[in-house]
Amino acid sequence: MLRDLSPSNTSVPRLVVGITGGSGIPYALDLLETLSQLNLHPHLIVSSGARRVHTTEGRGNAEDLERHAYQVYDEMDIGASIASGSFRTLGMVIVPCSSSTLAKVAHGLGDDLISRAAHVTLKERRPLILVPREAPYPRPMLENMLKAHDAGASILPASPGFYHAPDDAKDLLGFLSARVLDQFGIESGKMRRWEGDS
Ligand SMILES: Cc1cc2nc3c(=O)[nH]c(=O)nc-3n(C[C@H](O)[C@H](O)[C@H](O)COP(=O)(O)O)c2cc1C
């Protein structure tokens, strides 16, 4: 059954997810699977860079990502609903967030749908979570992270903690998904929370 996603229907939480060409597409896949399990199907944009990295990382194809989405948009469709602030959303996460897309967001560029939707998210003062992945971070990236932070974004690097005693890589992915969803007040159930060490 098609859900009512008209702007007047505020009962359906709409989350925008952008996936760009940083290494770490498994982080994006885990987030999408988690959202799916919560019956939250995001509005999804996958950049061509992300598609290429996904192929290189050998984890499957774009269909693995797209099947979790409520709607998938072309990365150049700058006339899509999510390009406008009048289309109400909970906010947006870009995971992973490449250095290139980070630079666009930090400098207010919107020449593709991911950077445009991010710009709109900032202008509407909704949560924008950026998950950069690079090692080491060069100075332009550090400066762009600060710029994006000061514009209202949260910088949540792809650096999962180990204090929750992960058993395997899946637990590390789950940690990151949990911390991303915490920013939206969504409980993922995927992370053992710290209750103190006593
Ligand atoms: C295999 C592979 C791994 C990459 N890893 C990263 C990375 O970890 N971080 C990053 O910022 N860019 C990385 N890149 C480069 C980006 O994909 C590239 O800058 C691309 O133009 C980003 O465009 P997008 O932001 O539109 O996806 C990688 C590229 C390839 C092919």
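Start at 1 and go down the list; that is how both ligands and their atoms are numbered. Computed from a predicted structure; not experimentally measured.
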I'd like the atom pairs linking ligand 1 to the protein - N or O on both sides, separation under 3.5 Å - with distances to 0.1 Å.
{"unit_1": "ligand 1", "atom_1": "5 (N)", "unit_2": "Ser23", "atom_2": "N", "d": "3.2"}
{"unit_1": "ligand 1", "atom_1": "8 (O)", "unit_2": "Ser23", "atom_2": "N", "d": "2.9"}
{"unit_1": "ligand 1", "atom_1": "8 (O)", "unit_2": "Arg133", "atom_2": "O", "d": "3.1"}
{"unit_1": "ligand 1", "atom_1": "8 (O)", "unit_2": "Arg133", "atom_2": "NE", "d": "3.0"}
{"unit_1": "ligand 1", "atom_1": "8 (O)", "unit_2": "Arg133", "atom_2": "NH2", "d": "3.1"}
{"unit_1": "ligand 1", "atom_1": "9 (N)", "unit_2": "Arg133", "atom_2": "O", "d": "2.7"}
{"unit_1": "ligand 1", "atom_1": "11 (O)", "unit_2": "Ser99", "atom_2": "N", "d": "2.7"}
{"unit_1": "ligand 1", "atom_1": "11 (O)", "unit_2": "Ser99", "atom_2": "OG", "d": "3.3"}
{"unit_1": "ligand 1", "atom_1": "14 (N)", "unit_2": "Gly21", "atom_2": "O", "d": "3.1"}
{"unit_1": "ligand 1", "atom_1": "17 (O)", "unit_2": "Gly21", "atom_2": "O", "d": "2.6"}
{"unit_1": "ligand 1", "atom_1": "25 (O)", "unit_2": "Ser98", "atom_2": "OG", "d": "2.5"}
{"unit_1": "ligand 1", "atom_1": "25 (O)", "unit_2": "Thr101", "atom_2": "OG1", "d": "2.6"}
{"unit_1": "ligand 1", "atom_1": "27 (O)", "unit_2": "Gly21", "atom_2": "N", "d": "2.8"}
{"unit_1": "ligand 1", "atom_1": "27 (O)", "unit_2": "Ser47", "atom_2": "OG", "d": "2.6"}

Any residue meeting side chain to side chain donor-acceptor pair (under 3.5 Å) with Ser48, in chain and number order, not counting sequence neighbours: Glu75
Residue pair Ser98 / Ser100, side-chain donor-acceptor N/O under 3.5 Å: no
Apply ring pair (Phe, Tyr, Trp, His ring centres under 6.0 Å) to His164 and list each qualifying residue two or more places apart in sequence or on a separate chain. Phe175
Give every residue pair that meets the side chain to side chain donor-acceptor pair (under 3.5 Å) criterion with at least one member in residues 114-137, sequence neighbours excluded. Asp112-Ser115
Just say parallel, tilted or perpendicular for the rings of Trp194 and Tyr163, cut-offs at 30° and 60°. perpendicular
Are there over 12 heavy-atom neighbours, none belonging to Ile155, within less than 6.0 Å of that residue's CD1? yes
